[in-house]
Q: 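Pasting in a structure now, in structure tokens, and then I'll have a few things to ask.
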Amino acid sequence: MNENSSSNEAAASPPVITIRQMAAHVGEEVTLEGWLYGKTGKGRLQFLQIRDGAGICQAVVFKGNVSAEIFELVRQLTQESSLRVTGVVKADARAPGIPGGYELDASGLELVQLAAEYPIQPKEHGVEFLVKNRHLWIRSSRQWAVLRVRATVVRAIRDWLDRNDFLNVDTPILTPNAAEGTTTLFEIDFHGEPAYLAQTGQLYNEANILAFGKVYCFGPTFRAEKSKTRRHLQEFWMVEPEIAFCDLGGLMEIEEQFVSHIVQRCLEQNGEELALLERDTSYLERVTPSFPRIHYDEAVAIVNRAADAGELVPGYDDKVPHIEWGADFGSPHETYIAAQFDKPVFVHHYPTQVKAFYMEPDPERPEVCRSVDLLAPEGYGEITGGSERMADVDKLVAGIKAHDLPMDAYDWYIDLRKYGSVVHSGFGLGLERTVAWICGTAHLREVIAFPRTLGSMRP
RNA sequence: UCCUCGGUAGCUCAAUCGGCAGAGCAUCCGGCUGUUAACCGGGUGGUUGUUGGUUCGAAUCCAACCCGAGGAGCCA
């Protein structure tokens, strides 16, 4: 392994391997580097659960196989102590771990650091305590699994878009104005001029597609909403594809291919993580094209039929509230609608008045627009929102006026309709809502390493 | 901003009508060769969120405030 070592030295220090590689080293003496995740002492037999970041495995220390000093050291080991363990890899069906089935029959142990008393025990804790200890909580197996699924989702997003000829063109985070008003923006000082943390890259995406055809931006986005629920973060990640020469129907086809690919990739690559999370993957296996599509009119009818029948919102004690045609759906409405389907469901043609100024009105019925939201099953809410954008310069100017937005802030955006304007569409997918749905986690704060919620930005 | 629930040992919780603040886990000591959040025996551990009030007596009742949770609205 190390060409500088003599053969004698190589024999004296066994190779360092990862827990993932153990199956290929059965019967060989190896060293693992990691942290003590848990320990069960049974007199002269000590079971150590070792994590190395990519897996968990058991090291068995029998008093007769190590020196008296090392055995005493093992008895004193504290949770999360960092260490190197050397021993022979054995296949044993009794061995727990990720992946399980292999254990290390320890012959030596080097303590790197004896950890101070670790606050998080392998048992139940309250949310407040765990959130305060987020910097440690991420070591726990459930959090570890969730963040690994998140990484898969990020890879799947980039792979699918790159493979389908979307160019990654990232958009600014410091912006002088919002796409849809300024009520939920974080304001900062740009050398004496007010600026805002971006809550979408969409307007810039629309400039970029006229240069590159199909683009996406992917990064953090910021909402200063006073939302304190399991479905909201102040800082979250969003991927926003935008496509030239694409109408609403084309957009929905792209979205269902994209979302299905993400889900199927997680099933392929994160079986162990989803099993550890006790996720019922039968819901996820069904997530393949095509997804059901319902018109806003039909969605209103579904909600009001349920409201008239006194049905409850799935998962809650509250009745489904009635809705007037023309209003936007609230969370209880979305939860009810999504529960009527066993796949994500598109709701399209929302009322023009409740949607953003740039969405293209339906030419037959201008009171509704070519917008579409994708609602995730099982109460995870809206995971994408998108629309066909206004391509006509006069309609766009009228839309900006109708929404009382400052015309001069949009001069460059209006420009885009003067130089080769085309039918175009785009959407944004919320990364954390998608990961939370795939993992089945109760709260969005678990699917990002260091969440920023209305209540907290520490640690 | 509004509504609901909560704050007791390091952690998770209990404490009947207002009457000695207590368990499990963690930690410490002892025991155990197959444990999976082991088990058995023993020890340590308290300004009951804060301030004020009622009372012979307050974790418990009252008031204000602080902190947390998740729901509405808004949104991905």
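First the proteins, then the strands, lettered A, B, ... as listed; each starts at 1.
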Q: Applying side chain to side chain donor-acceptor pair (under 3.5 Å) between Tyr358(A) and each of Gln202(A), Glu388(A), Glu206(A), His403(A), report the one that passes.
A: Gln202(A)

Q: Once hydrogens and angles are ignored, does a donor-acceptor distance under 3.5 Å link the base of C75(B) to the side chain of Ser331(A)?
A: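 Counting by modelled atom types and ignoring angles, a donor-acceptor contact under 3.5 Å is found here.
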
Q: By nearest nucleotide on RNA chain B, pick out whichever of Leu374(A) and Lys39(A) is the more 5' one.
A: Lys39(A)

Q: In whole angstrom, what separates Leu136(A)'s CG from G10(B)'s P?
A: 18 Å

Q: Please determine, for the side chain of Thr184(A), which listed nucleotide (C75(B), A37(B), C74(B)) has the closest atom?
A: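 Closest nucleotide among those given: C74(B).
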
Q: Mind checking if Pro119(A) touches a base, just sugar-phosphate, or nothing, with heavy atoms under 4.0 Å?
A: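 Counting heavy atoms under 4.0 Å across all strands, no contact is made by Pro119(A).
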
Q: Please determine, for the side chain of Pro332(A), which listed nucleotide (G34(B), G73(B), A69(B)) has the closest atom?
A: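 Side chain of Pro332(A) sits closest to G73(B).
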
Q: Between C3(B) and C40(B), how far is it from one P atom to the other, in whole Å?
A: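 Going atom to atom, P in each nucleotide, I get 48 Å.
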
Q: Among G71(B), C75(B), U12(B), which nucleotide has an atom closest to any side-chain atom of His125(A)?
A: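 Nearest to the side chain of His125(A) among the choices is U12(B).
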
Q: Taking syn as a glycosidic torsion within 90° of 0 and anything else as anti, which one is C17(B)?
A: syn

Q: CE of Met457(A) versus P of G68(B): gap in Å, rounded?
A: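 Those two atoms, CE and P, are 13 Å apart.
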
Q: At 4.0 Å (heavy atoms only), tell me whether Phe236(A) reaches a base, stays on the sugar-phosphate, or touches nothing.
A: base

Q: Measuring from the side chain of Arg445(A) (C-beta onward, heavy atoms only), which nucleotide among C75(B), G70(B), G34(B) has the closest atom?
A: G70(B)

Q: What contact category does Asp373(A) fall into here, base, sugar-phosphate, or nothing, at under 4.0 angstrom with non-hydrogen atoms?
A: nothing

Q: Let's see if you can work this out: which of C74(B), U35(B), U12(B) has an atom nearest to the side-chain heavy atoms of His232(A)?
A: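 The closest nucleotide is C74(B).
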
Q: So Ile120(A), base contact, sugar-phosphate only, or nothing? Heavy-atom distance under 4.0 Å.
A: nothing

Q: Rounded to the nearest 0.5 Å, what separates atom CD1 in Ile157(A) from atom CG in Leu429(A)?
A: 5.5 Å

Q: Below 4.5 Å, heavy atoms only, C-beta onward: do Tyr336(A) and Glu311(A) meet side chain to side chain?
A: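 Of all side-chain heavy-atom pairs linking Glu311(A) with Tyr336(A), at least one is under 4.5 Å.
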
Q: Which is true for Gly381(A) with a 4.0 Å heavy-atom rule: it touches a base, it touches only sugar-phosphate, or it touches nothing?
A: nothing

Q: Which part of the nucleic acid does Gly41(A) contact within heavy-atom distance under 4.0 Å: base, sugar-phosphate only, or nothing?
A: base

Q: Less than 4.0 Å between a side-chain N and a carboxylate O, is that true for Arg94(A) and Asp92(A)?
A: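 Salt bridge between Asp92(A) and Arg94(A), a charged N being under 4.0 Å from a carboxylate O: yes.
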
Q: So does Lys228(A) get a side-chain nitrogen or oxygen closer than 4.0 Å to the phosphate oxygens (OP1/OP2) of A69(B)?
A: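 So the side chain of Lys228(A) is within the cut-off, an N or O lying under 4.0 Å from OP1 or OP2 of A69(B).
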
Q: Quick one: is Lys42(A) getting a side-chain N or O under 4.0 Å of the G34(B) phosphate, OP1 or OP2?
A: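 It does, given that an N or O in the side chain of Lys42(A) lies less than 4.0 Å from OP1 or OP2 of G34(B).
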
Q: If you only use heavy atoms from C-beta on, which nucleotide in G68(B), U35(B), C74(B) is closest to the side chain of Gln49(A)?
A: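 That would be U35(B).
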
Q: Go through C11(B), A69(B), U35(B) for me and flag the one nearest to the Gln58(A) side chain.
A: U35(B)

Q: Got a donor-acceptor pair under 3.5 Å from the side chain of Ser227(A) to the base of G73(B)?
A: yes

Q: Rounded to whole angstrom units, what separation is found between the NZ atom of Lys123(A) and the P atom of C13(B)?
A: 9 Å

Q: So if I take every side-chain heavy atom of Gln121(A) and compare against C11(B), G70(B), A72(B), which nucleotide ends up nearest?
A: C11(B)

Q: Applying a 3.5 Å limit to both distances, which nucleotide forms a Watson-Crick or G-U wobble pair with G68(B)?
A: C5(B)

Q: When the aromatic ring centroids of Phe357(A) and Tyr410(A) are compared, is their separation below 6.0 Å?
A: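 Centroid separation for Phe357(A) and Tyr410(A): below 6.0 Å.
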
Q: Within this structure, what is the CG-to-C1' distance between Leu45(A) and C39(B), rounded to whole angstrom?
A: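 For the pair Leu45(A) CG and C39(B) C1', the rounded distance is 14 Å.
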
Q: Hey, does the side chain of Ser140(A) reach the backbone of Trp137(A) with a donor-acceptor pair shorter than 3.5 angstrom?
A: yes

Q: Base, sugar-phosphate, or nothing: which does Arg94(A) touch, judged by heavy atoms less than 4.0 Å apart?
A: base

Q: Arg230(A) side chain: which of G34(B), G71(B), C67(B) is closest?
A: G71(B)

Q: Who does A14(B) pair with, Watson-Crick or G-U, both distances under 3.5 Å?
A: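 Matched A14(B) with nothing under the 3.5 Å cut-off.
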
Q: Out of G34(B), A69(B), U27(B), which has the shortest distance to the side chain of Glu103(A)?
A: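 Nearest to the side-chain atoms of Glu103(A), counting from C-beta on, is G34(B).
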
Q: Which one is paired to C56(B), where only Watson-Crick or G-U wobble pairs with both distances under 3.5 angstrom count?
A: G19(B)

Q: Both distances below 3.5 Å, Watson-Crick or wobble geometry, any strand: find the nucleotide opposite G46(B).
A: none

Q: Between Leu233(A) and Tyr316(A), who's closer to the 5' end of RNA chain B by nearest nucleotide?
A: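 Closest to the 5' end, via its nearest nucleotide, is Tyr316(A).
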
Q: Salt bridge (charged side-chain N to carboxylate O under 4.0 Å, His left out) between Asp373(A) and Lys355(A): does it pass, once the steps are laid out?
A: CA-CA 11 Å; Asp373(A) 286 353; Lys355(A) 287 293 181 182; 3.5 Å; yes

